[in-house]
Q: 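Sharing a structure, written as structure tokens. Questions coming.
Owing to the predicted nature of the structure, the values given are computational and were not obtained by experimental measurement. Nothing fancy with the numbering, it's 1 onward along the sequence.
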Amino acid sequence: MLGVILCGGQSTRMGTDKGMLKMHPDAGTWAKAAADKMAQLTLPVIVSVNTLQYNDYATVFDAAQLITDNPLLDIRGPLGGVLSVHEKYPMQDLFVLACDMPLMDADVLKQLLDIYHLDTNDDAFVFTNNGEPEPLCAIYTARGLAHIRQLYQSNQLLKHSMKFMLEHINSWFEPLSEEQKKCFQNFNAHAALNGL
């Protein structure tokens, strides 16, 4: 299994690359903080970026950790990043974490990993927040991603969203506790950062 930090978004609402933000001036970037939390699970970590971000991220991460979106995939957004990583590592299950959840706790990640180790039948392991899936902190098996890739190739992937993908593979949904929900707060505007 690989840990995958998703950083390839456009961050248009924030107006700046969220993965390169810092909680405070002396802290590491959000992307590095997410990678460090994933590394606590003793997983090798790679970082999914778009081509325009590559040079900036190469100043924070080893170039071998960076995977750019595959230009041959006509898929935008997180699913494009996930499938780009899958194409490079088709035999690896992927533990995906978006870079814009700076309040994420490594213990929450470990809980999902423990569920994955107990269940060999499902292809995705996803937390739910008030009944809605949180697909940007989730585990996707190589088998499930291969099925999604096949749907895409045969023009049957009608929507390129992570939630739509979950409807087409066997998925384990784990409800978040009230205490855990704060870990999934993501930030899309500078005003939302006040008080962090």
Q: Tell me whether Gln153 at atom CD has more than 12 heavy atoms from other residues, nucleotides or ligands lying less than 6.0 Å away.
A: yes
Q: Give, for atom CD of Gln111 and atom CG of Leu176, the distance between the pair rounded to the nearest 0.5 Å.
A: 8.0 Å
Q: Could you pull out the closest heavy-atom pair between Cys137 and Leu112, with the gap in Å?
A: O-CD2, 3.8 Å
Q: What heavy-atom pair brings Phe184 and Met101 nearest, and what distance separates the two atoms?
A: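 Where Phe184 meets Met101 most closely, the heavy atoms are CD2-SD, 4.1 Å.
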Q: Flag the pair Phe125 / Thr141 as yes when at least one side-chain heavy-atom distance between them is below 4.5 Å, and no otherwise.
A: yes
Q: Distance check, rounded to the nearest 0.5 Å: Leu41 atom CG versus Leu109 atom CG?
A: 5.5 Å
Q: Pairs under 3.5 angstrom only: tabulate donor-acceptor contacts from the side chains of residues 155-167 to other protein residues two or more places apart or in another chain.
A:
from	atom 1	to	atom 2	distance (Å)
Gln156	NE2	Ser154	OG	2.7
Ser161	OG	Phe164	N	3.0
Lys163	NZ	Glu132	OE1	3.4

Q: With side-chain hydrogen bond (donor to acceptor under 3.5 Å, both in side chains) as the rule and sequence neighbours excluded, what pairs involving residues 71-98 come up?
A: Asn70-Glu87, Glu87-Arg149, Asp93-Tyr116
Q: Kindly give the heavy-atom pair with the smallest separation between Gly81 and Ser48, and that separation in Å.
A: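 Distance-wise, the nearest heavy atoms are CA-OG, 3.6 Å.
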Q: Exactly one of Gln185, Glu178, Glu179, Gln180 should register a side-chain hydrogen bond (donor to acceptor under 3.5 Å, both in side chains) with Lys182. Which one does?
A: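 By the side-chain hydrogen bond (donor to acceptor under 3.5 Å, both in side chains) criterion, Lys182 pairs with just one of Gln185, Glu178, Glu179, Gln180: Glu179.
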Q: Tell me, please, which residues at least two apart from Lys37 pass salt bridge (Lys or Arg N to Asp or Glu O under 4.0 Å).
A: none
Q: Less than 4.5 Å apart, any side-chain heavy atom of Val82 and any of Val4?
A: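 No. Closest side-chain heavy atoms not under 4.5 Å.
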Q: Could you tell me if the side chain of Trp30 sits less than 4.5 Å from the side chain of Cys7, heavy atoms only?
A: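 No, every pair of side-chain atoms sits at 4.5 Å or beyond.
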Q: In the structure I gave you, are the side-chain heavy atoms of Ile169 and Ile148 within less than 4.5 Å of one another anywhere?
A: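 Of all side-chain heavy-atom pairs linking Ile148 with Ile169, at least one is under 4.5 Å.
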Q: For Ala39, which residues count as a side chain to side chain contact (heavy atoms under 4.5 Å, CB included) partner, sequence neighbours excluded?
A: Val45
Q: Going by the rule salt bridge (Lys or Arg N to Asp or Glu O under 4.0 Å), which residues pair with Asp123 if we only count those two or more places apart in sequence or in a different chain?
A: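 Partners of Asp123 under the salt bridge (Lys or Arg N to Asp or Glu O under 4.0 Å) test: Arg143.
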Q: Any side-chain heavy atom of Leu73 within less than 4.5 Å of one from Tyr152?
A: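 Result yes, sub-4.5 Å side-chain heavy-atom pair found.
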Q: Please list, chain by chain and in numerical order, all residues satisfying ring-ring contact (aromatic ring centres under 6.0 Å, His included) with Phe95, sequence neighbours excluded.
A: none
